[in-house]
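Every value quoted in this text rests on a predicted model; they were computed, and no experiment measured them. Here is the naming used below: chain letters follow the sequence lines, and residue numbers restart at 1 for every chain. In what follows, every heavy atom counts, from backbone to side chain, and hydrogens, waters and symmetry copies are set aside.
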Amino acid sequence: MAVNLQTLSKNEDLLTGGHRACAGCTGSNILRQIMLTAGRDTVVGGATGCMEVVTTIFPYTAWKTPFIHSAFENCAATISGAETAYRALKKSGELPVPRERINFIAFGGDGGTYDIGLQSLSGAMERGHNMLYVCYDNEAYMNTGIQRSGATPFGAHTSTAPAGKVKQGKDRHRKDLTKIMVAHNIPYVAQTTPFHWKDLQMKVRKALDVDGPAFLNILMPCTVGWGFDPALGIELSKMATECNFWPLFEVENGEYKLTYKPKADRTPIEEWLKQQVRFKHLFKPGNEHLIVEIQRWVDDEQRKLLKLCGEA
Amino acid sequence: MKQIYVGLTGNEAVATAFKQARPHVAPAFPITPQTEMMHKFADFVADGVVDTEMILVESEHSAMSAAIGSAATGARTFTATSSAGFALMWEVVYIAASLRLPICMPVVNRALSGNINIHNDHSDAMGGRDAGWIQLWCENTQEAYDHALMCWRIAEHKDVRLPVMINYDGFIISHTSESLHILPDEDAWKFVGPKDLKTGYSLLDMDHPITVGPLDLTDYYFEHKVSQIEALKRAPKHIAEVYKEFGQLTGRHYSFFEEYRTDDADLVIVALGSTAGTAKDVIDAQREKGVKVGLLKIHMFRPFPAAELAKALSKAKVVGVMDKAASFGGWGGPLFNEIRSALYDLPARPKIHNWIYGLGGRDTDVKQIAALIDQLQAIAKGREAETVNLLGVRL
């Protein structure tokens, strides 16, 4: 099914306003975009994290679709149980209301996905459930107060790996979760970010249409954790892609494809880093080599990706 | 009703009962000694005897998480575990009860690590006694089978809606072949009945979407906990009804606890699980010698039938509580604590002593229980004794 603004603009907003996300949060933007394409016949699971907390404070809920949260590390397993029950009840003719198809979408932040929830995600993907797992990756444990995660980039200041007199933030590059998911040999894996609504929506559509598990890794600029003007979230999302920090690509049945080509003259990483308070210390005299290291890493990763995409 | 007389291990018997209950979904992860129960159930699925969807998860944490996702749709759901597996799912065991999901789960009791030990004690289930589940305990294969049929009626009752844990001793019950009576499949199904998917909420009711497991802070959480407390208070009435109906059907009559030769007993042993069987033999032998000793075996440990127990034990002179779990740093074992507390308000309390026994599967034989009865006799005659004692340990 094609994705276009004309259709999307008529679709029902399934995440209501009035939830408690921060001003300028791009996470709620991501959820809304996904739900516009997914539609009402969707069961949503949320791992403990920002998006779960801000959308479901009892007795309120921002969800117009069924929603379930149980814990931090088990969203994929929880949704896998619901998806299995759907198949069982459909088979026995006991569904509460008949539905030929229901989407099952699990949402987790990077903490709940790269780290504590990785085992349960890996298990659910390997078992082949007909579900989509979406990681909204804001590159740290934002809900608990900006602690370092496996997704936190090199050099970023966090509350557990802060920049201080002798340390300069995180001393490791992030792990490549998207590739870890590709290694599960599932039908669809993709990486996207909300500035490119069409890219995001196309990927959601494809992910929901495949028969079997799908995974989306979505970079989510966080005004609080990254330290930028709340008006600039989408701009930061765009710059992350333009400087190749967050390339947009998909892997369909093992085939890599670049879905957005940044300008030939790529934006230097400093342009993106300097917009964010978490990287402020990198611009102090004596720390130039850290920015060089980030640029080296970005270039290396991009080279590897282009090769995989047959663009090298 | 005609029943079938068969020889089965505890694990096989429970798998048979669960097959007869026709669950929709069963997440499973292996841990000794629960494994064979899931093997047997998987055989039923592979042979098309039962139509259950199994989810072969990558951990016990995911087993209980998937069970939560499944049960939230209204699907009849079970999983099974032991020991460290139970400990790993601990977090979500609490959540299952908090969400009032009628999941049934055999806990094939095994010692907790460390050091790692695969044999029976009750440290796993005792650690989860405050998780909000109904806990039922079985003495032998027959009781395990019967409870694996009855649990569905209890868990799914509209006034209860709580998960149920069925405890039976690892290896001693799970792997021992015993003769027992089982119901023909049709009669078992008639007793259990289909899951009522019409009342209550379902995550799959797309026309009436619900939010399950929201953030619940200072303004509502307490009231929600009270609703769990109240549901557990309502449970005994319905457990008693199910016990009664099952008794009429099968001739096997259960109650919150079984009293064995306690009518005129001065000395009463209180125990859970398979040790009760050994104790009955010793009691028979001691009765031959004129010792007025009896046994009180608890089936329903959660909710704890405090008032009924106090009444039942009120005429004893000495009560010996056997705990197959230590409460490290505590004052005696968990069962002892509950019993002693239940008896505190009696106008004339019996003396109550505790024996911690059988940790890590240390065999508890007739000699040990005979020695325990000797001590109860001495205490009845006025001998001073420690309140908390150990049984069968080398010191």
Exercise. Hey, what do you get for CG (Leu95(A)) to OG (Ser202(B)), rounding to the nearest 0.5 Å?
Worked result: 8.0 Å
Exercise. Got more than 12 heavy atoms from elsewhere within 6.0 Å of CZ, Arg32(A)?
Worked result: no
Problem set entry | Residue Tyr60(A) excluded, over 12 heavy atoms near OH under 6.0 Å | no
Exercise. Under a 4.5 Å heavy-atom cut-off, does chain A meet the side chain of Ser59(B), its backbone, both or neither?
Worked result: both
Exercise. Of the backbone (N, CA, C, O) and the side chain (C-beta and beyond), which part of Lys91(A) lies under 4.5 Å from a heavy atom of chain B, both, or neither?
Worked result: side chain
For this session: Could you tell me which residues in residues 38-56 of chain A have at least one non-hydrogen atom under 4.5 Å from a non-hydrogen atom of chain B, sorted by residue number?
Result: Arg40(A), Asp41(A), Thr42(A), Val43(A), Glu52(A), Val53(A), Thr56(A)
For this session: Determine whether more than 12 heavy atoms belonging to other residues, nucleotides or ligands lie under 6.0 Å from atom OH of Tyr94(B).
Result: yes
For this session: Please step through salt bridge (charged side-chain N to carboxylate O under 4.0 Å, His left out) for the pair Lys195(B) and Glu94(A), ending with a clear verdict.
Result: CA-CA 10 Å; Lys195(B) 175 77 168 45; Glu94(A) 292 174 286; over 6 Å; no
Problem set entry | Part of residues 206-215 of chain B lying next to chain A, heavy-atom separation under 4.5 Å | Met206(B), Asp207(B), Pro209(B), Ile210(B), Thr211(B), Val212(B), Gly213(B), Pro214(B), Leu215(B)
Problem set entry | Contacting moiety of Leu204(B), where chain A heavy atoms sit under 4.5 Å | both
For this session: Begin from the C-alpha positions of Ser122(A) and Glu58(B) and carry the test side-chain contact (heavy atoms from CB on, under 4.5 Å) through to its verdict.
Result: CA-CA 9 Å; Ser122(A) 176; Glu58(B) 80 301 328; over 6 Å; no
Exercise. Counting only heavy atoms not in Asp13(A), do more than 12 fall under 6.0 Å of its CG?
Worked result: yes
Seminar exercise, completed: Distance col, row Asn74(A):CG vs Glu91(B):CD, nearest 0.5 angstrom, shows 6.5 Å
Exercise. Picking from Lys64(A), Arg87(A), Arg127(A), Glu126(A), which has the most non-hydrogen pairs under 4.5 angstrom with chain B?
Worked result: Arg127(A)
Problem set entry | Partner residues of Thr199(B) under the side-chain contact (heavy atoms from CB on, under 4.5 Å) criterion, sequence neighbours left out | Arg161(B), Asp196(B)
For this session: Scan Asp205(B), Leu203(B), Leu197(B) and name whichever one has a side-chain contact (heavy atoms from CB on, under 4.5 Å) with Pro96(A).
Result: Asp205(B)
For this session: Select all residues of residues 64-82 of chain B having any heavy atom within less than 4.5 Å of some heavy atom of chain A, and report them by number, or 'none'.
Result: Ser65(B), Ala66(B), Ile68(B), Gly69(B), Ser70(B), Ala72(B), Thr73(B), Ala75(B)
Exercise. Between atom CG of Leu99(B) and atom OG of Ser70(A), what is the distance when rounded to the nearest 0.5 Å?
Worked result: 7.5 Å
For this session: Let me know if Ile57(A) has heavy atoms under 4.5 Å from chain B in its side chain, its backbone, both or neither.
Result: both
Exercise. What part of Ser92(A) lies closer than 4.5 angstrom to a heavy atom of chain B: side chain, backbone, both or neither?
Worked result: side chain
Problem set entry | Among Glu73(A), Glu83(A), His129(A), residue most engaged with chain B (heavy-atom pairs, under 4.5 Å) | Glu73(A)
Exercise. Measuring from Phe58(A):CZ to Glu223(B):CD, what's the distance to the nearest 0.5 Å?
Worked result: 9.5 Å
Problem set entry | Side chain, backbone, both or neither of Ile68(A) within contact of chain B (heavy atoms, under 4.5 Å) | both
For this session: Quick one: which of Asp216(B), Thr52(B), Leu56(B), Val57(B) has the most heavy-atom pairs under 4.5 Å with chain A, could you say?
Result: Val57(B)
Problem set entry | Heavy-atom contact with chain A under 4.5 Å, split by part of His61(B) | side chain
Problem set entry | Structural part of Val92(B) lying under 4.5 Å from a heavy atom of chain A | side chain
